[in-house]
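Below: the structure, in structure tokens.
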Amino acid sequence: MDIKQLEYFIVVCEQKSFSRAVDVLHISQPSLSRQMQQLEAGLGLHLLRRTGRGVEPTEAGFRLLNHAQTISRAVRIAQEDLDRYRAQCDGRIRLGLPPRISRRIAPELVKRFREAFPGATLNVTEGLSVEMFGWLSKARIDIALLYDPPPSDLLRYRSIFREELVLAYSDTYQPAPSSRIQGSELQAFPMVLPSAPNSIRALVDKACRELSISLDIVAEVDLVQSVGETTLQAEVCSILPKSEVEDPRHQGRFRYALIENPVIINDLVIATPVHEARINKLNDGVSDMLHELVIETWTAG
């Protein structure tokens with residue numbers, strides 16, 4: 001007994017005729033008769049009897065018909081569910097990443113994405129958190145990693161990594177600050193910072209307002225990577241994420257001081273639209289991959 005035989009049996013019972021059943025099934029009558037004979041032989045029961053008007057199920061046939069219809073419905077539901085799943089996984093997902101994050105996780109993300117969703121396409125766009133917040137709100141991208149986004153009724157957030165911002169300086173900077181400094185001491189150092197709007201700059205400005213201090217900002221640079229390189233080469237300080245300062249690409253040239261009172265925390269979140277019509281297994285899978293990769297990468301340093 002197999003699924004095909006059960007499907008044929010259901011059609012024969014519904015049509016009450018082998019000749020009408022072959023028209024529905026588009027097979028020859030000898031082939032259909034052979035399938036029914038094999039079904040009866042396999043079960044050791046007579047399932048159909050001929051009448052003057054065609055065929056009808058025997059008592060055993062009626063019992064099997066009930067089971068066969070249940071099995072057929074279950075198979076159809078399973079097929080429809082898997083078809084929906086395949087459709088969800090064969091699509092295209094647009095992902096926004098901050099450049100600093102993209103550089104470190106994009107290659108491994110693409111590798112895992114291809115393994116998990118071989119029929120889908122991943123489109124990666126880099127941008128600042130402020131830019132990507134707008135792209136998400138306007139449905140230009142489907143998922144983004146954002147630093148400290150503002151509250152929004154249009155987006156849902158999943159926090160995945162929180163880290164301190166530190167006072168960063170080069171190994172040649174003199175005089176070197178203490179290993180820990182108070183927030184109020186930040187005004188004593190020449191600073192290069194990301195220019196607004198920028199999530200790091202917003203956090204720093206907020207802390208300064210709370211402390212009622214003004215920083216000695218000697219330069220503003222758009223990207224965190226450029227801020228870091230300027231800090232290393234221009235004998236100035238900056239306020240950067242600890243992970244950026246410890247990034248191996250800097251070859252140990254950075255030094256840093258922990259900032260206390262207040263501790264400034266940078267929050268990295270996965271952001272998705274609340275009313276996203278395309279939320280599916282693909283979106284969920286990429287979101288989980290992002291979470292795993294960020295944790296793995298930043299835990300490993």
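Reckoned from all heavy atoms, side chains included, excluding hydrogens, waters and symmetry mates.
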Are side-chain heavy atoms of [X] and [Y] found at a separation under 4.5 Å?
X: E164; Y: I265; result: yes
X: I143; Y: I270; result: yes
X: R100; Y: R104; result: no
X: S199; Y: L128; result: no
X: L109; Y: L95; result: yes
X: W135; Y: T125; result: yes
X: V286; Y: D142; result: no
X: V12; Y: P57; result: no

In terms of hydrophobic clustering (I, L, V, M, F, W, Y; side-chain heavy atoms under 4.5 Å; direct or indirect links), are [X] and [Y] co-clustered?
X: V263; Y: Y256; result: no
X: L47; Y: I71; result: yes
X: Y8; Y: I10; result: yes

side-chain hydrogen bond (donor to acceptor under 3.5 Å, both in side chains) evaluation trace for Q29 with S19:
CA-CA 7 Å; Q29 188 159 332; S19 60; 5.4 Å; no

Give a yes or no on whether [X] atom [atom1] has more than 12 heavy-atom contacts from other residues, nucleotides or ligands under 6.0 Å away.
X: R20; atom1: CZ; answer: yes
X: R253; atom1: CZ; answer: yes
X: R103; atom1: CZ; answer: yes
X: R249; atom1: CZ; answer: yes

Closest non-hydrogen atom pair between [X] and [Y], with its separation:
X: P190; Y: V218; result: CB-CG1, 4.1 Å
X: L186; Y: I181; result: CD2-CD1, 3.5 Å
X: G183; Y: I213; result: O-CD1, 3.6 Å
X: G285; Y: F117; result: CA-CZ, 3.9 Å
X: S137; Y: L154; result: CB-CD1, 4.3 Å

Which class fits the ring pair F254 and H250: parallel under 30°, tilted 30 to 60°, perpendicular over 60°?
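The rings of F254 and H250 stand perpendicular, inter-plane angle above 60°.
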
Kindly say whether A207 contributes a backbone atom to a donor-acceptor pair with the side chain of E210 at under 3.5 angstrom?
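No; judged by distance alone, with no hydrogens or angles, the pair does not exist.
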
Can a donor-acceptor pair be found between the side chains of T51 and E56 at a distance below 3.5 Å?
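No, no side-chain donor-acceptor contact under 3.5 Å.
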
